[in-house]
Structure formats: structure tokens, C-alpha cells
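Chain naming here is simple, since letters A, B, ... match the order of the sequence lines and numbering starts at 1 in each. Only heavy atoms go into these numbers, but all of them, side chains included; no hydrogens, no water, no symmetry mates.
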Protein chains: 2
Amino acid sequence: MPHAAAATPQLLRRVNAQAVLRHLRGADAATGTELMALTGLTRASVIAVCEDLIGRGWIVELDQPRADPANPRKGRPARRFAFNREAGFVLGLDIGAATTTAAVADLRGTVVGRSSESFRAADIPAQERVGVIDLVCRQALEAAGKDPRNVLAVGAGIAAPVDRDGNVLVTQRFWSLFDVGLRSVLKELHGWTVLLENDANLAALGERWRGSGAGVDDLVVLLAGERLGAGVMESGRLLHGRGGAAGEMGYLDMVEGVGSSDGIAALARQWSAAGGGPSAGGPASAPRVFEDAAAGDAAALAILDRMSERMARVIASIASLINPEQVVIGGAVAESAGALLPGITARLPRFTATPPRVTVSPLGDKIVTVGAIRHALDFVEDNALELELAG
Amino acid sequence: MPHAAAATPQLLRRVNAQAVLRHLRGADAATGTELMALTGLTRASVIAVCEDLIGRGWIVELDQPRADPANPRKGRPARRFAFNREAGFVLGLDIGAATTTAAVADLRGTVVGRSSESFRAADIPAQERVGVIDLVCRQALEAAGKDPRNVLAVGAGIAAPVDRDGNVLVTQRFWSLFDVGLRSVLKELHGWTVLLENDANLAALGERWRGSGAGVDDLVVLLAGERLGAGVMESGRLLHGRGGAAGEMGYLDMVEGVGSSDGIAALARQWSAAGGGPSAGGPASAPRVFEDAAAGDAAALAILDRMSERMARVIASIASLINPEQVVIGGAVAESAGALLPGITARLPRFTATPPRVTVSPLGDKIVTVGAIRHALDFVEDNALELELAG
DNA sequence: GATAATTTAGATACAAGCTAAATATATTGC
DNA sequence: GCAATATATTTAGCTTGTATCTAAATTATC
């Protein structure tokens, strides 16, 4: 097998075009001279690259701005090039056990449409599940006023291990049932490329992009709710492990029960069963615990204390194995989890020599869709010059 | 800053030369036609690349082999090119607390010289330490009959966290003292490029190269002795984390004391203190425990059982966070640790949904030097076209 | 309002590296 | 010795780049 494809002269154009495109994605606009300085290419090459990218639809040439007396520009006016953020769109999906949400975003990641639907029941057949997902996608596109043919990639997060090739680990769960469908069905119906990923991994991508881990290369995001999953980024790359189960801490019950496939909600139920709290008798839920603790309820405070201890132990074991710079707590409980931070931070040095910074996600329930959009954009950016844009 | 250097036509030659070189490193020899098939280049380009590499000293052209009547070759005889494994050499260092070992290897990794020295005492000044290390390097080169000027890189393993840039984490230990010296001193004395790494990380490189994890991309190596450290490879890459402390499990004592900076030897001492075993009264040591267990001693067997349990828990927590395909046990106790494998393997499914294969290292006390050689070779291979070979 | 200075655009010449096709060379087999 | 075969070498041409020169469009100055 040709281990490395031959490097033909066309490779140069691809490399240089990618460099120009990368810069234009981050900037409002750029002149030829700016691009020369940035890439080190000569003007002739820069112009050739830009004409090329205009022809492919990825960038546009802006009209000359009228003269600005406040900031007069000497010399011949420069041609100005800008990234075409509407060259296409991506979909970000959060496929939960009960609900699916879809978000449409342009190529700069600005969300322009959104839709959400709940499944009729937990045990509906795979076909119906895929049908609902497809519906949510079409609704989101309609809300955005975009044509399905302009979708360049679909990022999709599910609560199950997914390996590097996008295959679902089938050792457990019913997920395998409808996964196999999703990729081929959406490919067949719309021609879309679906990029399946674990939801905690997408949360990590989202948090690094637009959350509290912005720009952090060694980042772990804990997606805590009924289930405890971690998305791990090391040196800016997502960790998957052999079967995609990296960060799947469901079994990690050795650590005094933390993350024994229950998490915070289970603690709340224990507490509720014990009859504690001002709002005792109502349904046990994580938010209620935080509420009651804020009201000064002793039992609720004790639970928060115990949770801090458990969280600190979990984070410490992550710190020992991965040594992240920062750990972000996200998911259903994130809003209220701020109350846990002091307790966690104070305990960490007892359990690890390299305690990470611990923060709470600001992304709320959008954490997975934001990450899914980022995942899709990463694919589009990596493959821009191979993708054909629809007129 | 020029985020990406401009891609000039010379880049093509570099890429293609690297591809040819990569193949020749793995093969005995290759003809132009073979290289054409492999790279997809035309004959003219392949020959040009080879002439180039010959000029730089990386490959040689072989003489025509005399005709072999048993295997007659039609047509004009092909020119045959081969990797020049003696174009340079690398050093692999294992810098321990008490002893330093150096191995000299050619560019295919065959060890051609070796040397070892113990430090006079544990608390000698940094300068003396570096002096001993330099001595060991020179002795190893002399044993191999090689000139120091032909050393292209030095891989060095130490028992401390080292980040991606080769800097030692200075939060603890005396290591910081003599690290700072090593790189600059060897650079100054011999012009060598020293690549510092954590010893467990190098063990992982070594095990994947020439140990029981050959070819496994998601691999963890436990370096167990007085201290418990893990070298983690995910998708073929070493994990470092923010400060290089990934895999530093010294603090991971939450898991029922496993790896609480003591490991197996501590267990042996506990056992010895209790007066157990046929050889009770002698110095407590890990090998003795295995010896006595093999002799049927009940107390020793109980210790092995407890060790299996602890090891299983440690490996399970690694499996939950990293999901490796395989975990290799290496270090001082590796020889005898085979006895633990059945106990560990049997317990794993209780603690993790994704149990890895568990094996014992066959590399013995060479595990770190082998990895250090691989680390140095990786550097040389990545930078071959930038390195200047000494005549 | 003409002219100079400045900045960018565009054109021309040429170099590096690759492909493709034609021609030359060395070996085996009859 | 001659055909067949596989490889080597040469020549022309393509793509992409650099370097350099000239042209164009704007501002500043007299």
C-alpha cells in the first residue's frame, strides 16, 4: 500500500490555500499584502490562491469601502478578501435518551436555527427514532431558512462510547440498534456526512471553543447527570482509546461510589428517601438539593459536602492519570454546581500533586450541540478543498 | 506570526524524500521500481530523490549482486538502494536514582555498546551527577567504537514528570537540580541534542517497539517498583498532560492504598514485618515474595492475592479513563509478575466494562533504555532532512 | 490642477519539482 | 546473435512557486 501518497505540485496549492483560508476564517477581511506577510508567499501566489478560493466559493472579494476621511489610506486601494461564512452550513445534534435537539450554524459557528423533539417513548423502534431525528434536522433547517443541500457536515452526540471511526461500542445498551441506521439513513435521504461522537467528548470540544476552557489544550469536561462521563482533550486532541470508551466512568464505583452510574441525582434520591430537606416529599432531583442547601437545610448541606468529596476524588484520579490544566463541570447540574467548587478545590491537594483548575460550564444545556457544531466545523475545515459546495 | 510557513516547491522534495526514507528504513533494500509503486512517483522523481538522499549520506547504492542461477532476473538489472544504518548513532539513557545506564544504537536500533555506573551516594551535587552521566555516555561509545560526533540524538529517561518540551516539573523532588544541567552540559560538551522524558513514558515507547505491546496504538505500561508510574499511549501518541505528570500515580492512594508511592515492595515489607514466609527475617523484597509464594507459603500467597486485587483496581481505573487495548506490567517486578496475571485478569470485569489485555514486559531492566533509543530515533527520523551528518 | 509619493495590481522571466513519453542499456532465453 | 524484458536516461511540458519590472489608483504637496 502507498504509505504516503506522492506529493505532486498540486499539494503546494492545497497547503497554501488552507493557510489563507485558515486566516480568513478568523479575520473579518484581509488584503493581499496582509496575506503575503502572514504566509510568506509573494503577491502573485497569494492572488492566485485567492482567485482559486473565490472560484470554489469559499471566499468572496469585497467592494471597495468608500474613502474614510478619519483614516485616509495612501496608495492604490487594496483588493479585500473575506471568508464566505454562508458558503455552507453544519448541523449539530444532541441525541439524548428522551429528546433530540438540532442546531444549524454557519461556517463561523453562529447558530441560525434550532429545533427539538421528544421521543414518544423510551422503547420505540430504531426506525421511529431515526425518523424523529430526521424531522428535528429538517425543522431546524426550515427555521433557519436553509436548504438541506447546503449542509456540509452533521455532528451528532450520543450518550455511548464511539470510537475514532465513528462506530458505537456495542458491548452494552440499545444504542447499537439505531446508530447503524443514522449514518446511512441521513446519507441516503440528504447526502449528509454524519460524524458520530460521544456526548462528553463533544462537550469538551464545545467547552474549549466557547466555554470556560477556551483555548486550553489539556482539558477534561465532566458531563454529570444521571450518568457520569468525561470528555478528555490532551494536547488539543480528543482521547478515544481502543473502543471509544475513554472517559466512560460508569464503572468507576471503586472510588466510594462516585459515578456508579448514578451521580448526583442518586445522591439526591438517597437524601429524599431519608426524608430530609424543606421540600421533602417532592420528587428527588439535583436542583432541589441545591435549592434546599441554599435555604440552609442541614441535610442538603451534608449531601453537598459529600458530593464535593466524591467529585474531588474523581477529579484527582483524572489529574493523576491525565494531568489536565483544567476540569470543567457541565451537564444538567452545572448551573447549581458552582456551590461545590470551593469544597472541591480545597480538597484536591490532598488527593493529587497536580490539581487542575476546576470551573463550571457556562454553556448550560447547549453544551453538546455547541460541541457537535464545532466537531462538524472541524471536519469541514480539514476537508474544505475536497468538499464541493452546492451552488 | 506566519502560522504556516509558505509551501515552496522544495517542500515536495522533502515530503517525497521522507516517504522514500521511511520505506528504506523498514526494508533491507529497494529498487527504483519498488519505490515507484510505493510512493506513486515516476521513475525520474524516485531516482532524483535517491540521488539526493545518497548525497546527504542517508542511503547508499548497493553493488549489483552476482547472477543467481536459481532465481534468474530478466531485464536490465535494477539499481538497488539501502538505508545507511550507520549514517549516525543514538544514545539511550536510563537515569535512575542510584544508577545510570547508557546504550549506543545504530539507526535501525541495534544496540552496539552499553555502559553503566552507580552514583557515589544519593546526595551528591548536581555537577557530579552530570559528570557520571557524561562518563557513562563516553564509555558506552568507546565500547561501541563510535565517535561522539556521530551521535545524532540522545534519549534520556528520568523518574520525574517531564512535559512536552522536555522540562522537568519542579513542584517536588531534587530532580530539578541536575536536569537543568544535563541538556545544556551535553550540548556544550558534545553538541548533542538531549531529549528528556519520563521513564514510564519511555517504557511505553519501548514496549510498543520491541516488547509485548508491539504495534498496539492504545497502550499503557505500568512501571512498578518502589514507585508506580504509568506511560500512556493513545492513538500511538504519548500523553503528557499540562505539566508532564500524566500517569504519575504516586498520589492515587484513594484506591485502597495501591500505588501510594510504595507499590509492591511496601507490601513485601508489611508481610516481612508480620514475620511471614519461609525466608522471614531476611530483607523484604518483591522477588522474595514471589519466591516464597512459589514455594507454597500461605502468607506470601495471600499477599499475591491482595496485590492482584490492587493491581486490578488500578488497571480498571486506567481502563475507565483511557480505555487502552493492552496494559503491560514492567519494571523491577516484571519477571515474577507473571504469577499475578490470572488473578488480575479474572478480577477486571468486576471493575470495568472495557477490560484491557494484561501482559508482562519481556524487556526486563532494559525497558527504559530501549524506549530511550526509540525516542531518540523518532527524533532523528522526524528531522532527518534537517540534520547534518558528520563525515 | 499638475506633480510627486505611496501602495497595490498585474505582467514577464525563470527555477524547482513533478509527469509523460520516447529512447537507450543491460540482462536472460532461444 | 537476436528477441524479449526490465530498467535507466533523456527530453518536453505542466504546475506552482519566486523575483523583478511596469502600470494603476489614491493621497499629499506645491
Under 4.0 Å between a Lys/Arg side-chain N and an Asp/Glu carboxylate O for A:Asp147 and A:Arg149? yes
I'd like to know if A:Glu207 pairs up with A:Arg374 as an ion pair, taking the criterion as any Lys NZ or Arg NE/NH1/NH2 lying under 4.0 Å from an Asp or Glu carboxylate oxygen. no
Reading nucleotides 1-17 of chain D 5' to 3', which nucleotides get B (base under 4.0 Å from a protein heavy atom), which S (sugar-phosphate only), which -? ----BBBBB-----BBS
Rounded to whole Å, the CE-P distance (A:Met36 to D:dA19) equals 10 Å
Polar contact flag, side-chain donor to acceptor under 3.5 angstrom, B:His23-B:Gln18: no
Whole angstrom value for the distance that separates P of C:dT7 from CD of A:Gln64: 16 Å
Test side-chain contact (heavy atoms from CB on, under 4.5 Å), reference A:Met233, set A:Val216, A:Asp217, A:Leu205, output is A:Leu205
So, using salt bridge (charged side-chain N to carboxylate O under 4.0 Å, His left out) as the criterion, who are the partners of A:Arg13 when residues are at least two apart? A:Asp52
